[in-house]
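Labels below follow one simple rule: chain letters A, B, ... track the order of the sequence lines, proteins then strands, and each chain is numbered from 1. Below, all heavy atoms of this structure are taken into account, side chains as well, without hydrogens, waters or symmetry copies.
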There are 2 protein chains.
Amino acid sequence: MKEENLALCLLLSKKGALLSKIKLSTFSLARQTGFSQQSISRKLRELETDGLIERAASTSGIELIFTQKGKNELESFYLELKDIFSKKKSQSLKGKVVDGLGEGSYYTAIPQYKEQFKKLFGFDLFPGTLNLEVDPAQRNIFTSAPPIQIEGFKTAQRTFGGINCWPCKVNSKVSAVAILPHRTNHPANIIELVAPINLRKKLSLENKSVVEVKLQ
Amino acid sequence: MKEENLALCLLLSKKGALLSKIKLSTFSLARQTGFSQQSISRKLRELETDGLIERAASTSGIELIFTQKGKNELESFYLELKDIFSKKKSQSLKGKVVDGLGEGSYYTAIPQYKEQFKKLFGFDLFPGTLNLEVDPAQRNIFTSAPPIQIEGFKTAQRTFGGINCWPCKVNSKVSAVAILPHRTNHPANIIELVAPINLRKKLSLENKSVVEVKLQ
DNA sequence: ATTACTAACTTACGAGTAT
DNA sequence: TATACTCGTAAGTTAGTAA
């Protein structure tokens with residue numbers, strides 16, 4: 001259906017037109033929707049032409065009911081929204097192993113970061129990170145969980161930014177930490193994992209291997 | 001939001017714009033929605049003007065995220081549809097006792113109908129019906145349950161139409177049958193009850209008394 | 001009372017193009 | 001490349017009114 005008729009269809013649904021014929025007038029619908037009587041008349045004729053409702057107009061008003069096609073179109077809007085809003089924030093994502101930019105490796109070599117990792121997660125970092133290419137939308141959902149923060153610091157030379165961390169499990173077996181520096185050059189489809197061990201070796205991964213990452 | 005932008009907002013949501021900033025181009029959105037690049041540009045600016053998204057355009061693309069207002073508007077669509085589609089088909093309705101048109105009383109006096117009632121429901125009809133004024137939408141839901149049919153018949157003089165029947169319980173106490181003649185002059189906000197007894201007396205009802213009718 | 005046609009008005013759209 | 005302005009055209013809206 002034309003989207004601009006969605007509110008009208010919602011109103012008709014509330015009146016029961018998904019279940020049985022309902023009788024109404026273009027005038028009353030006009031009052032309830034803010035459109036003119038003439039526009040409602042036209043819109044209902046459009047919905048009929050598009051096969052979304054059955055309509056029987058007379059001088060005493062209009063009787064109408066949704067067709068199966070009409071019900072389906074309305075329900076598909078519902079299902080899309082349901083998907084968006086009732087999604088158990090799927091705290092897992094699939095990623096494809098790719099070569100890293102070295103950004104993460106750089107961080108894992110810096111003592112001040114290493115100390116904080118040890119303090120927060122109880123392990124010494126394996127030097128190097130596992131870079132995963134993921135669906136950016138999925139990554140957004142993943143990283144919308146509250147992160148554990150590694151704090152930035154300054155040296156005489158420069159400023160080091162903070163890092164967001166999410167403890168996770170890779171392939172339901174190996175514990176790791178997904179990291180995202182506050183200021184990063186990473187594109188939105190990359191996420192980096194650090195761990196106390198060499199993840200590539202432990203999981204026998206090559207480039208293009210696919211792994212599953214679950215929040216913990 | 002303008003309804004005509006709903007599909008665009010759904011697309012943005014799927015890309016994760018409810019949760020975090022996403023980066024995209026008007027051109028790619030145009031391809032995915034079927035609108036022109038110019039229209040997407042205009043629509044995004046509209047959404048920003050309406051306070052539904054935050055938008056940062058540059059020569060490398062657009063970064064955007066839904067505002068709370070935008071999230072709310074989208075969610076309200078969802079909640080309305082949820083209401084419509086996940087409604088436990090409330091098979092009960094409230095009705096206000098009103099004087100009848102006598103239509104039901106007429107039917108309950110005709111032997112061929114009386115016999116069928118006896119056969120289907122096992123009781124002799126009390127002569128007369130209880131007329132209830134109900135919400136037409138609620139009645140539609142109620143009567144969308146599969147009815148038990150009393151069949152029409154012909155005499156030398158005229159044709160008598162069929163009657164749809166729904167066994168029910170009034171005020172959770174007294175059994176009755178809601179009836180709706182196939183061809184009726186009743187307005188959509190009236191439903192009639194028949195029973196083996198005088199419902200008005202049994203339930204001490206006057207005009208304007210409110211009763212609850214539950215499908216059985 | 002209705003529905004819905006006509007005609008005038010208003011808004012939306014997108015090709016061309018500037019930046 | 002990107003966004004977005006201009007402007008001619010298409011589509012949507014509604015007041016008046018017929019049926």
| task | Answer with base, sugar-phosphate or nothing: what part of the nucleic acid does A/K23 contact at a heavy-atom distance below 4.0 Å? | result | nothing

| Distance below 4.0 Å between B/T59 side-chain N/O and D/dA2 OP1 or OP2 | no

| Can you check whether A/K43 has a side-chain N or O nearer than 4.0 Å to OP1 or OP2 of D/dG12? | no

Using whole Å, what does the distance between atom [atom2] of nucleotide [N] and atom [atom1] of [X] come to?
{"X": "A/E63", "N": "C/dT2", "atom1": "CD", "atom2": "C1'", "result": "14 Å"}
{"X": "A/L44", "N": "C/dA4", "atom1": "CG", "atom2": "P", "result": "9 Å"}
{"X": "A/R45", "N": "D/dT14", "atom1": "CZ", "atom2": "P", "result": "14 Å"}
{"X": "A/L24", "N": "C/dA1", "atom1": "CG", "atom2": "P", "result": "18 Å"}
{"X": "B/L64", "N": "D/dA2", "atom1": "CG", "atom2": "P", "result": "16 Å"}
{"X": "A/Q37", "N": "C/dA4", "atom1": "CD", "atom2": "C1'", "result": "7 Å"}
{"X": "A/I40", "N": "D/dT13", "atom1": "CD1", "atom2": "P", "result": "9 Å"}
{"X": "B/R55", "N": "D/dA2", "atom1": "CZ", "atom2": "P", "result": "16 Å"}

If you check every side-chain atom of [X], which of [options] has the closest atom?
{"X": "A/T26", "options": "D/dT3, D/dT14, C/dT3", "value": "C/dT3"}
{"X": "A/R42", "options": "D/dA15, C/dT3, D/dG12", "value": "D/dG12"}
{"X": "B/F35", "options": "D/dT13, C/dG14, D/dT3", "value": "C/dG14"}
{"X": "A/S39", "options": "D/dT14, C/dG14, D/dA4", "value": "D/dT14"}
{"X": "A/S25", "options": "C/dT2, C/dC13, C/dA4", "value": "C/dT2"}
{"X": "B/I62", "options": "D/dA4, D/dA15, C/dT3", "value": "D/dA4"}

| field | Parallel, tilted or perpendicular: rings of B/F85 and A/Y78 (30°, 60°) | value | parallel

| said: Exactly one of B/L120, B/I148, B/L215 should register a side-chain contact (heavy atoms from CB on, under 4.5 Å) with B/P167. Which one does? | reply: B/I148

| query | Counting N and O atoms only, with roles assigned by atom type, does the side chain of A/S58 sit under 3.5 Å from a partner on the main chain of A/S60, one being a donor and the other an acceptor? | reply | yes

| task | May I ask you to decide if A/F66's main-chain N or O and A/E54's side chain share a donor-acceptor pair within less than 3.5 Å? | result | no

| Distance-only donor-acceptor test, A/Q38 side-chain atoms vs D/dG12 base atoms, 3.5 Å | no

| Should B/L47 and B/L64 count as side-chain neighbours, where that means a heavy-atom distance under 4.5 Å? | no

